[in-house]
Amino acid sequence: MVAWPAQMSLALQLAELADQSHSWPGLGPRDPGPIRLIVVPDEATMQRLSEGRAPSWGAGIAMPWSHTIMLRADAGQAQEILRHELAHLALRRVIREPVPRWFDEGYAAYAAGEWGRMDAIGINLAVLRGRIPDLDQLNGTLRSTEADASLGYALAMTAVMAVARHHPEHSLAPIITLLAQGEPFDSALRRSTGLTAGQFSVAWQKDVRRRYGVLGWFTLGGLWLLMSFAVLIAAYVRRRLDRPRRAALDIGWPAPPVEDEAETDLDQDGESV
């Protein structure tokens with residue numbers, strides 16, 4: 001563990017977490033093995049020590065070749081970021097062959113449990129705006145601006161989950177086993193999903209549009225709006241139906257006395273009307 005004095009307490013907590021065994025999708029329980037954990041105070045220090053490998057908005061970086069994880073203390077959510085980087089190391093300890101960035105980052109995000117409601121909303125908006133890239137374009141998005149990369153990580157997660165869904169066992173274990181045996185990624189993808197890389201990219205795009213299109217947006221927000229509207233309509237109808245019953249409750253109750261200023265009204269000539 002390497003840390004500056006001000007980050008020493010946080011680094012100790014993260015080191016204890018990193019030293020625990022974790023269970024990873026498609027890998028099962030894994031001992032982390034030796035890890036060098038570096039907790040830096042800010043972005044400038046991370047950029048200097050990583051020699052520019054980390055994007056400016058990056059909060060953590062894993063370097064599998066040296067079993068090193070570097071985290072920014074000022075980024076927040078340090079434990080979640082650590083789990084993401086640990087997933088990178090766990091996958092790369094098993095897989096030696098290069099894999100596409102979307103699979104590497106999507107696996108780490110999925111294994112770290114980063115999927116949230118905001119990810120689903122972001123994908124829904126992207127679908128409505130027609131901004132779903134193919135998988136080759138997604139690789140570039142993951143190194144783009146912070147806003148684009150945030151959407152890219154969510155999309156990469158859906159792609160990794162789609163790999164599992166296309167196998168009869170609904171598991172990532174088959175493709176990871178093939179990759180661990182030295183199978184090139186495109187070949188391992190075809191053998192585990194039955195689709196070539198190009199076919200899988202098209203199938204994934206269609207799946208995203210189907211799951212997160214108008215129906216998905218309706219499920220996330222529109223359903224609650226419709227339910228609220230239905231409650232208001234039901235309340236209005238109930239009040240209309242209850243009106244005769246409420247009026248019947250008034251029958252038999254004496255009307256309040258009316259105090260008249262005069263028993264009779266007089267016309268202009270003084271005669272009673």
Side-chain angles (χ1 to χ4, degrees), residues 1 10-11 13-40 46 50 53-55 57-73 75-116 118-119 135 138-139 141-143 146 149-165 167 169-181 185 188-189 192 204:
M1 183 193 71
L10 173 63
Q13 296 176 20
L14 296 176
E16 292 179 356
L17 178 62
D19 196 41
Q20 300 172 9
S21 295
H22 297 273
S23 183
W24 305 107
L27 294 174
R30 294 280 168 169
D31 186 276
I35 296 174
R36 180 187 295 112
L37 176 63
I38 305 174
V39 181
V40 301
M46 174 173 280
S50 69
R53 291 187 180 92
W57 45 263
I61 182 173
M63 292 166 272
W65 60 90
S66 61
H67 308 290
T68 300
I69 291 175
M70 190 183 303
L71 301 178
R72 276 175 51 187
Q77 298 181 318
Q79 293 188 359
E80 290 80 0
I81 297 168
L82 175 62
R83 184 169 176 84
H84 179 104
E85 306 305 337
L86 286 171
H88 277 305
L89 293 190
L91 183 66
R92 301 304 296 184
R93 278 200 177 99
V94 174
I95 298 174
R96 302 297 181 181
E97 295 295 321
V99 297
R101 185 178 298 277
W102 66 262
F103 186 83
D104 192 22
E105 295 295 351
Y107 177 86
Y110 173 57
E114 296 176 9
W115 182 262
M118 293 307 297
D119 293 306
L135 290 177
L138 181 57
N139 289 327
T141 300
L142 291 167
R143 300 291 292 181
E146 183 174 3
S150 178
L151 173 62
Y153 276 85
L155 288 170
M157 276 190 282
T158 67
V160 170
M161 290 186 284
V163 172
R165 281 197 304 272
H167 192 274
E169 297 176 6
H170 288 228
S171 171
L172 290 172
I175 189 171
I176 290 177
T177 299
L178 291 171
L179 292 170
Q181 294 170 354
F185 182 82
L189 180 67
S192 61
W204 166 72

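Count residues from 1 along the sequence. Note that these values count all heavy atoms, side chains included, but never hydrogens, waters or copies made by symmetry. Source: prediction; values computed, not measured.
- In this structure, CG on Leu37 lies 7.5 Å from CE on Met1, to the nearest 0.5 angstrom.
- The two atoms that bring Pro174 and Glu169 nearest to each other are CG-OE1, 3.9 Å, heavy atoms only.
- To the nearest 0.5 Å, the span separating CG on Leu155 from OG1 on Thr141 amounts to 8.0 Å.
- For the atom pair CH2 (Trp24) and CZ (Arg30), the distance works out to 11.5 Å, reported to the nearest 0.5 Å.
- Atom CG of Leu138 sits about 10.0 Å away from atom CD of Glu105, to the nearest 0.5 Å.
- Taking CD of Gln13 as the reference point, atom CG of Leu82 lies at 11.5 Å (rounded to 0.5 Å).
- With hydrogens and angles ignored, the 3.5 Å screen pairs no side-chain donor or acceptor of Ser150 with any backbone N or O of Glu146.
- Exactly one of Val163, Ile95, Val99, Val160 qualifies for a side chain to side chain contact (heavy atoms under 4.5 Å, CB included) with Ile175. That residue is Val163.
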Stepwise side-chain contact (heavy atoms from CB on, under 4.5 Å) check, His84 with Glu114
CA-CA 8 Å; His84 179 104; Glu114 296 176 9; 2.7 Å; yes

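- Shown here are the side chain to side chain donor-acceptor pair (under 3.5 Å) partners of Asp104, two or more places apart in sequence or in another chain: His88.
- Atom NE2 of His167 and atom CG of Leu189 lie 11.5 Å apart (nearest 0.5 Å).
- Closest of all the heavy-atom pairs between Val39 and Ala11 is CG2-CB, 3.7 Å.
- Across every non-hydrogen atom of Met46 and Met70, the tightest pair is CE-O, 3.5 Å.
- For Arg36, the CZ atom counts as loosely surrounded, since its 6.0 Å shell holds 12 or fewer non-hydrogen atoms of other residues, nucleotides or ligands.
- In terms of modelled atom types and a separation under 3.5 Å, the side chain of Arg53 and the main chain of Ser50 share a donor-acceptor contact.
- Take Arg72 and apply the salt bridge (charged side-chain N to carboxylate O under 4.0 Å, His left out) test, not counting sequence neighbours, and it matches Asp74.
- Side-chain atoms of Ser23 and Pro29, non-hydrogen and from C-beta on, do get closer than 4.5 Å to each other.
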Apply side-chain contact (heavy atoms from CB on, under 4.5 Å) to the pair Ile38 and Val40, showing each step before the final yes or no.
CA-CA 6 Å; Ile38 305 174; Val40 301; 3.8 Å; yes

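- Across all their heavy atoms, Arg165 and Thr158 have their closest contact at NH2-O, 4.3 Å.
- Between Ala78 and Leu10 the shortest heavy-atom distance is CB-CD1, 4.1 Å.
- Taking the ring pair (Phe, Tyr, Trp, His ring centres under 6.0 Å) definition, one finds that Phe185 meets it with Trp102, Phe103, sequence neighbours left out.
- Here the rule is side chain to side chain contact (heavy atoms under 4.5 Å, CB included) with Ile81, and of Ile61, Ile69, Leu14, Leu71 only Leu71 fits it.
- Looking only at distances, a side-chain donor or acceptor of Arg93 sits under 3.5 Å from a matching main-chain atom of Pro32.
- Remark: the backbone N or O of Ala62 is paired with a side-chain donor or acceptor of Glu85 at under 3.5 angstrom.
- The heavy-atom pair separating Ile176 from Tyr107 by the smallest distance is CD1-CE1, 3.9 Å.
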